[in-house]
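In what follows, every chain begins at residue 1, and chains take the letters A, B, ... in the order their sequences are listed. Note: hydrogens, waters and symmetry copies are ignored here, and every other heavy atom, side chains too, is used.
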Protein chains: 2
Amino acid sequence: MSRIEKPADSEPARSPSRAGKPTLKTIAEMTGLAITTVSRALGNAPQISENTRRRVHEVAAEIGYLPDRAAQRLKTGRTNVISVLLDPHEEILGFGTSIMHGLARALQTTPYHLIVTPNFLDGSNVDAVNYIIRNGMADGLIFSRTEPFDPRVRLLLENGFPFVTHGRTEFSTPHAFVDYDNYAFAYEATRRLIVKGRRKVTIILPPKRLTFHQHMLHGFMTAVREAGIAYEIPDTLDLDSPADMIRDYVRRRSGEPDPPDGFACPGEVSALATITGMSDQGFTLGTEYDIVAKQTSLLLSQIQPKVETIYEDLKAAGEAMGQLLLQRIAGEPVEDLTILQSPQFGFPTP
Amino acid sequence: MSRIEKPADSEPARSPSRAGKPTLKTIAEMTGLAITTVSRALGNAPQISENTRRRVHEVAAEIGYLPDRAAQRLKTGRTNVISVLLDPHEEILGFGTSIMHGLARALQTTPYHLIVTPNFLDGSNVDAVNYIIRNGMADGLIFSRTEPFDPRVRLLLENGFPFVTHGRTEFSTPHAFVDYDNYAFAYEATRRLIVKGRRKVTIILPPKRLTFHQHMLHGFMTAVREAGIAYEIPDTLDLDSPADMIRDYVRRRSGEPDPPDGFACPGEVSALATITGMSDQGFTLGTEYDIVAKQTSLLLSQIQPKVETIYEDLKAAGEAMGQLLLQRIAGEPVEDLTILQSPQFGFPTP
DNA sequence: CGCTGCACGGAAAACGTTTTAAATTCTGTG
DNA sequence: CACAGAATTTAAAACGTTTTCCGTGCAGCG
């Protein structure tokens, strides 16, 4: 055959278009400096004269040099990667995506990339954490839905691995977290129902094993006791229950004697399900009963303005978590790396 | 001071617990083989005897060896990374997360990791694509919401970079894609409304610049023409409009003369907004008007069973995209790498 | 002039892997 | 028993960085 025989065509097709990627060597040759010097100049090391430093930066910018992440990682042991553990329950309503957008914003000007590690196992995702620690897959970890003695947190603490949780724990060793003040939410939501003149209030709580179950319960009970109002708490149901289960529960309960007429819903789905359940029984929102819901997107209030909402800014939470994690990785003391978002902390930033 | 002076403590604190991480060298020393041989044995190269291959695998498993991704990447130029471009519009209702879970499932047994590149710029995210191509940040790309002559697709095609889109384009050069048959959806949804005896149908279309706008429109119009039924198409509104805008539009329109009584809603949010808008005017779903909606989570039918829904399985789409991308990277001909999910393609897999 | 000290820059090793090219062992055969 | 050829195994280079350690050249000083 008369085709050109390029012997090096056995070269196993590296990433496409990786051909003439500029490296330190390229810059070194162009400037006549040594690779070492170029590396130093770009790293703004002190022993490089202002002059050559400037020249190197110019050339680098000109040819569009970007350091090879693999080489940096291999050499330094730092991955420049932040990993987000995604929980199956975060699928709905863009919980994960909101947080990730916030995170991404916080990491935007840094060398860090965001890699997502979804959890398949139904239990906790401690295996994923272990994998990441053991194999140095990331420099830091972000996850949510903490339990009081969360095994992931324990593992990370034991290994001194940087992480920030969304949610608190009850370990005596402190760690970085961002949390929403769910006590305040539940208290305030219940207060508002009471102020509206509701007779009997109820709340759909998160699963018992999660830390913020207690916070919510406490806020709710405090408001209830202060007002001396009637209340009930469904115990066959939680925030993770499927929407139809919540809807059916609400429908059935509101057909029985002495049903609640004030609902604190710590999630948009549960609020929507409650509305449907109640309207199935002919009750109308705003006159015969009220809902105060937690809202994490603009969805609920846009769709049904009669639901009163209290906002939780997940994007801000994500951004805060990113910042805390960077500080944590930089070695700042953990004690200062805790944030409690109050319900009025942030409002929709479209 | 009497503290132990470990001279090598200047070692700049590599990733924690990266201390005794086993490498090829470790295995080589344990087995008495050369590093090369170990590498080959683990790679199941043909020229290694069955005997040593087994022995090496045993030792590797025993000490929990995992290859160093940075070193592999540096050497081979392959990143073992798949990047997902996340669009801001995918924030709501876990669109992104569903697809990512599907993707993650497809990549589960492969060495590939999933890294998400959110788009901040408001326009298209062609910059991100360019960055990824130029700097070899990934071996393949996944994104959605394609336009007929999507600049991202053009760029990727020009560079021969592997990718799979969610949605089709109109380039003459073929490329891998997974798409939902939105023509079929719109046709079927409209048919159902007609069969229910609706007088006048309408549909909320996706933004005009997206490819599937045409598909939807075509399906809708075909059904309308076949039946010779009255119809209208709002032109100040699209699927990306905020929910309150949709709600207000529906409310206003249903107060004017000759309003539509059959709604095809290609999204859950628009369906919910429509319900609210109509019920504000006192119309009740299922008797005075009907909705057929596209559903991508279990949410809508669980909350409001009176809405008729047609399911789009985004998780399956994500999984399919992952598989196609792997095949594409492996060099299979692009012509075979296209999938059109029919509406009945997959049903909720909880 | 011979030193010391400093400012600046460079050579070389190393990170863990893959790959090329070559060396070694093994097998059967004449 | 020697040897070709196959079957295994190996040494060494390379990927692009960072870092340790060292070499210049030059100013100042006695």
Side-chain angles (χ1 to χ4, degrees), chain A residues 7-15 18-29 31-56 60 63-80 111 135-137, chain B residues 7-15 18-29 31-56 60 63-80 111 135-137:
Chain A
D9 207 0
S10 65
E11 183 73 6
R14 313 183 69 114
S15 266
R18 205 183 115 118
K21 199 176 171 249
T23 73
L24 287 182
K25 196 171 160 198
T26 321
I27 304 182
E29 279 162 2
T31 56
L33 293 165
I35 293 184
T36 312
T37 313
V38 176
S39 171
R40 286 228 179 79
L42 291 175
N44 291 322
Q47 71 255 55
I48 299 296
S49 75
E50 182 50 36
N51 228 319
T52 65
R53 184 214 308 288
R54 215 190 39 255
R55 198 152 54 95
V56 168
I63 66 177
Y65 168 79
L66 272 190
D68 184 299
R69 295 177 68 87
Q72 283 184 314
R73 177 167 167 181
L74 177 59
K75 186 61 188 135
T76 64
R78 264 172 285 109
T79 63
N80 282 353
N135 302 109
M137 298 309 310
Chain B
D9 209 359
S10 64
E11 183 74 8
R14 313 184 69 114
S15 266
R18 205 182 112 117
K21 198 176 171 250
T23 73
L24 288 182
K25 195 169 159 199
T26 321
I27 303 183
E29 278 161 3
T31 56
L33 293 165
I35 294 184
T36 312
T37 313
V38 176
S39 171
R40 288 237 172 74
L42 290 175
N44 290 321
Q47 70 258 51
I48 300 293
S49 76
E50 183 49 37
N51 228 319
T52 66
R53 185 213 308 288
R54 215 190 40 254
R55 197 151 53 96
V56 168
I63 65 178
Y65 167 80
L66 272 190
D68 183 299
R69 295 177 67 87
Q72 283 184 314
R73 177 167 167 179
L74 177 59
K75 185 63 188 132
T76 64
R78 263 172 285 111
T79 63
N80 282 353
N135 301 109
M137 299 310 310

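The minimum heavy-atom distance linking Ala34(A) with Ala28(A) is given by the pair C-CB, 4.1 Å. Shortest non-hydrogen contact noted between Ala70(B) and Arg73(A) is CB-CG, 3.5 Å. Taking every heavy atom of both residues into account, Pro22(A) and Gly64(A) meet most closely at CG-O, 4.0 Å.
Each of dA12(D), dT18(C), dT17(C) was ranked by its minimum atom distance to the side chain of Thr76(B); first place goes to dT18(C). Side-chain proximity of Thr36(A) to dT17(D), dA11(D), dA11(C): nearest is dA11(C). Ranking dT18(D), dT17(C), dT19(D) by closeness to the Leu24(A) side chain, first place goes to dT18(D). In this structure, the nucleotide among dT18(D), dT17(C), dC15(C) sitting nearest to the side chain of Lys75(B) is dT17(C).
Applying the salt bridge (charged side-chain N to carboxylate O under 4.0 Å, His left out) test to every pair with at least one member in residues 34-49 of chain A, sequence neighbours left out, gives no pairs at all.
The distance between atom CZ of Arg73(A) and atom C1' of dC15(D), rounded to the nearest whole Å, is 15 Å. With rounding to whole Å, Lys25(B) atom NZ is found 17 Å from dT18(C) atom C1'. Regarding Tyr65(B), its OH atom lies at a distance of 10 Å from the P atom of dG16(C), rounded to whole Å. In this entry the distance linking CG of Asp68(A) with P of dC15(C) reads 18 Å, nearest Å. Look at CG on Leu74(B): it is 12 Å from C1' on dA14(C), rounded to the nearest Å. In this structure, CG of Leu66(A) is placed 14 Å from C1' of dT17(D), rounded to the nearest angstrom. To the nearest angstrom, C1' of dA14(C) lies 16 Å from NZ of Lys21(B). For Ile35(B) and dA14(C), the CD1 to C1' distance is 13 Å, given to the nearest whole Å.
Applying the side chain to side chain contact (heavy atoms under 4.5 Å, CB included) test to Leu42(A) and every residue at least two apart in sequence or in another chain returns Leu24(A), Ile27(A), Val38(A), Val56(A), His57(A), Ala60(A), Tyr65(A). For Arg53(B), the salt bridge (Lys or Arg N to Asp or Glu O under 4.0 Å) criterion is met by Glu50(B), not counting sequence neighbours.
Judged by distance alone, the side chain of Arg69(A) and the main-chain N or O of Asn135(B) form no donor-acceptor pair under 3.5 Å. Although no hydrogens or angles enter the test, the distance criterion places a donor-acceptor pair under 3.5 Å between the side chain of Thr76(B) and the main chain of Gln72(B). At distances below 3.5 Å, not a single donor-acceptor pair connects side-chain atoms of Thr37(A) with backbone N or O atoms of Leu33(A).
At least one side-chain heavy atom of Thr52(A) sits under 4.5 Å from a side-chain heavy atom of Ser49(A).
One finds the OG1 atom of Thr23(B) at 12.5 Å from the CG atom of Leu66(B) (value rounded to the nearest 0.5 Å). Going from atom CG of Leu74(B) over to atom OG1 of Thr79(B) covers 13.0 Å, rounded to the nearest 0.5 Å.
The side chain of Gln72(B) contributes an N or O atom lying less than 4.0 Å from OP1 or OP2 of dT18(C).
At a threshold of 4.0 angstrom between heavy atoms, the contacts of Ala71(B) include nucleobase atoms, whether or not backbone atoms are also involved.
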So which protein N/O to nucleotides 22-25 of chain D N/O distances come out below 3.5 Å?
none

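Axis orientation changes by 80° from one end of the helix from dC1(C)-dG30(D) to dG30(C)-dC1(D) to the other, with each end axis drawn from 5 pairs and the value rounded to 10°.
Near DNA chain D, meaning a heavy atom under 4.0 Å from it, residues 37-56 of chain B has Thr37(B), Arg40(B), Gln47(B), Ile48(B), Ser49(B), Thr52(B) in order of number.
Ranked by how close their nearest DNA chain D nucleotide is to the 5' end, Leu33(B) and Ala70(A) are led by Leu33(B).
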